[in-house]
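Keep in mind that the numbers below use all heavy atoms, side chains included, and drop hydrogens, waters and symmetry copies.
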Amino acid sequence: MDRVFQRLRNLDAYPKINEDFYSRTFSGGLITLISSIVMLFLFFSELRLYLHTVTETKLVVDTSRGGTLRINFDVTFPAVPCSVLTLDAMDISGEQHHDIKHDIVKKRIDAHGSVVAVRQDGIGGPQIEKPLQRHGGRLEHNEKYCGSCYGAEVTDDDCCNSCDEVREAYRKKGWGMTNPDLIDQCKREGFVQKVKEEEGEGCNVYGFLEVNKVAGNFHFSPGKGFYQSNIHVNDLLAISKDGYNISHRINKLAFGDHFPGVINPLDGAQWFQDAPDGMYQYFIKVVPTIYTDIRGHTIQSNQFSVTEHFRSAEPGRPHSLPGVYFFYDLSPIKVTSKEEHSSFLHFMTNICAIVGGIFTVSGIIDSFVYHGQRAIKKKMELGKFS
């Protein structure tokens, strides 16, 4: 048994020295103090990194199919009245939504940016006089109202009882309403008067869209959009004689829910138009993103990159309609981000590296200083130091 203990003593990598042989110096104490401070600083720095989460990001192929895409927006047009500003959306699958009103709120603003009025989208307005029936006479007491669609009826039983319904019937026919004063419903609702009253005002429109998860576009433009000979055009263009100024500021644009670290490059972007009319286009590449926090909660959202281009209106080019267009496409690559702590073993490895490294380096410095001082002292005693 004593032989086994003796062999274990021979394996001791840390031989002990009798305290009588220790030599403590001022330089050694100073080096020890400095190295201890550095060691504590690095220890707490490593502890802070261990307690804080790190985000690991990976790129994978997006294999999801179907679903919808939520688009949150808040855009201000300082020179386009709310009464003529409309929102349309369409995608490559052929689905089209014109003059979208649900989940959207408009704020009328004056030239100084102050809010004049807030309302849900829609024309509305007071009703004056008795409505004009489809057969030509005014609505009588106890008679059911059925307004004319002014030639846009699909069947004999179709009725258009509001200015919006007439405009919608015109849109389905591919017609544009260039003179609303001739439409009884629009005249009674004071549509043209409402447009003229809002001259010089702007509009802040905000809300969200739920669209198919395929490439498409949505755009803000003056007038109701419709297709004529497979060309997208807008009505009400004749109301403004000087064209439309589509200067705008994007207060917010996001594809999906917010998650930590997301950067929406168009938030706060603004553009001021110099020439009358024109089409401002944003080309957006949407990147699906899955974010998982430290508690395991998952957020399905998106990030995006964007380029932009302005196309001025030119005579004979019907495609250059005034408006702000957002063309988006989906990336086949999905980003997954996950919050996590570094492992405890990794933390302990770094701590050991800090302690051992500083201890070793300080020992080398102390030895260099100690032996240097002794060599200089000997030379001074022999009178060889000059």
By the rule that ILVMFWY residues connect when side-chain heavy atoms come within less than 4.5 angstrom, directly or transitively, which residues belong alongside [X]?
{"X": "Val262", "value": "Phe259, Tyr291, Ile299"}
{"X": "Leu33", "value": "Ile37"}
{"X": "Val214", "value": "Ile92"}

* Asked: What residues form a side-chain contact (heavy atoms from CB on, under 4.5 Å) with Thr53, not counting sequence neighbours?
  ->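 Thr53: side-chain contact (heavy atoms from CB on, under 4.5 Å) contacts with Ile294, Glu339, His341.
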* **Non-neighbouring partners of Leu40 that pass side-chain contact (heavy atoms from CB on, under 4.5 Å), sequence neighbours left out** => Phe44
Report yes if the side chains of [X] and [Y] come closer than 4.5 Å at any heavy-atom pair, otherwise no.
{"X": "Ile71", "Y": "Val211", "answer": "yes"}
{"X": "Asn212", "Y": "Glu95", "answer": "yes"}
{"X": "His346", "Y": "Met348", "answer": "no"}
{"X": "Asn302", "Y": "Pro288", "answer": "yes"}
{"X": "Met90", "Y": "Asn217", "answer": "yes"}
{"X": "Val205", "Y": "Ile104", "answer": "yes"}
{"X": "Val75", "Y": "Val324", "answer": "no"}
{"X": "Val287", "Y": "Ile333", "answer": "no"}

In terms of hydrophobic clusters joined by side-chain contacts under 4.5 Å, are [X] and [Y] together?
{"X": "Val115", "Y": "Val105", "answer": "yes"}
{"X": "Val286", "Y": "Val60", "answer": "no"}
{"X": "Val38", "Y": "Ile351", "answer": "yes"}
{"X": "Tyr50", "Y": "Phe41", "answer": "yes"}

Given 3.5 Å as the limit, does a donor-acceptor pair link the side chain of [X] with the main chain of [Y], or not?
{"X": "His52", "Y": "Arg48", "value": "yes"}
{"X": "Ser247", "Y": "Gln273", "value": "yes"}
{"X": "Thr86", "Y": "Pro222", "value": "no"}
{"X": "Asn264", "Y": "Leu266", "value": "no"}
{"X": "Glu153", "Y": "Cys149", "value": "yes"}

Taking all non-hydrogen atoms of both residues into account, name the closest pair between [X] and [Y] and its distance.
{"X": "Ala215", "Y": "Asp329", "value": "CB-OD1, 3.3 Å"}
{"X": "Cys203", "Y": "Ile109", "value": "N-CG1, 3.6 Å"}
{"X": "Asp88", "Y": "Ser221", "value": "OD2-OG, 4.4 Å"}
{"X": "Gly268", "Y": "Arg249", "value": "O-NH1, 3.4 Å"}
{"X": "Glu165", "Y": "Cys159", "value": "OE1-O, 3.7 Å"}

Nearest 0.5 Å please: distance from the [atom1] atom of [X] over to the [atom2] atom of [Y].
{"X": "Lys334", "Y": "Thr336", "atom1": "NZ", "atom2": "OG1", "answer": "8.0 Å"}
{"X": "His102", "Y": "Leu87", "atom1": "NE2", "atom2": "CG", "answer": "9.0 Å"}
{"X": "Ile263", "Y": "Ser305", "atom1": "CD1", "atom2": "OG", "answer": "12.5 Å"}
{"X": "Asp293", "Y": "Thr298", "atom1": "CG", "atom2": "OG1", "answer": "7.5 Å"}
{"X": "Arg108", "Y": "Ser83", "atom1": "CZ", "atom2": "OG", "answer": "8.0 Å"}
{"X": "Thr307", "Y": "Ile284", "atom1": "OG1", "atom2": "CD1", "answer": "9.0 Å"}

* Asked: Going through the distances and angles, do Lys58 and Val335 end up as a side chain to side chain contact (heavy atoms under 4.5 Å, CB included)?
  -> CA-CA 6 Å; Lys58 295 181 181 179; Val335 177; over 6 Å; no
* Asked: When the ring planes of Phe255 and Phe304 are compared, do they come out parallel, tilted or perpendicular, using 30° and 60° as the limits?
  ->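 Perpendicular.
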* Scan for side-chain hydrogen bond (donor to acceptor under 3.5 Å, both in side chains) pairs involving residues 30-46, sequence neighbours excluded, and state none if there are none. =>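 Checked against side-chain hydrogen bond (donor to acceptor under 3.5 Å, both in side chains) - neighbours excluded - the pairs reaching residues 30-46 are Glu46-Asn350.
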* To do: Any pair with a residue in residues 64-78 that passes side-chain hydrogen bond (donor to acceptor under 3.5 Å, both in side chains), sequence neighbours left out, goes on the list, sorted by first then second residue, please.
  => Asp62-Ser64, Thr68-Glu210, Arg70-Asn72, Asp74-Asn204, Asp74-Asn251, Thr76-Asn204, Thr76-Asn251
Which donor-acceptor pairs under 3.5 Å do side chains of residues 353-366 form with protein atoms, sequence neighbours excluded?
{"unit_1": "Thr360", "atom_1": "OG1", "unit_2": "Gly356", "atom_2": "O", "d": "2.8"}
{"unit_1": "Ser362", "atom_1": "OG", "unit_2": "Ile358", "atom_2": "O", "d": "2.8"}
{"unit_1": "Ser362", "atom_1": "OG", "unit_2": "Phe359", "atom_2": "O", "d": "3.0"}

* Does Glu56 pair with Lys338 as a salt bridge, N-O distance under 4.0 Å? -> no
* Is a salt bridge present between Lys252 and Asp267, judged by a nitrogen-to-oxygen distance below 4.0 Å? ->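 No, Lys252 and Asp267 are not salt-bridged.
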Could you work out, with ring-ring contact (aromatic ring centres under 6.0 Å, His included) as the rule, every residue matching [X], not counting sequence neighbours?
{"X": "Phe218", "value": "Phe326"}
{"X": "Phe208", "value": "none"}
{"X": "Tyr280", "value": "His248, Trp271, Tyr282"}
{"X": "Phe283", "value": "Phe327"}

* Of Tyr325, Tyr206, Phe73, the residue whose pairing with Phe220 passes ring-ring contact (aromatic ring centres under 6.0 Å, His included) ->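 Passing option: Phe73.
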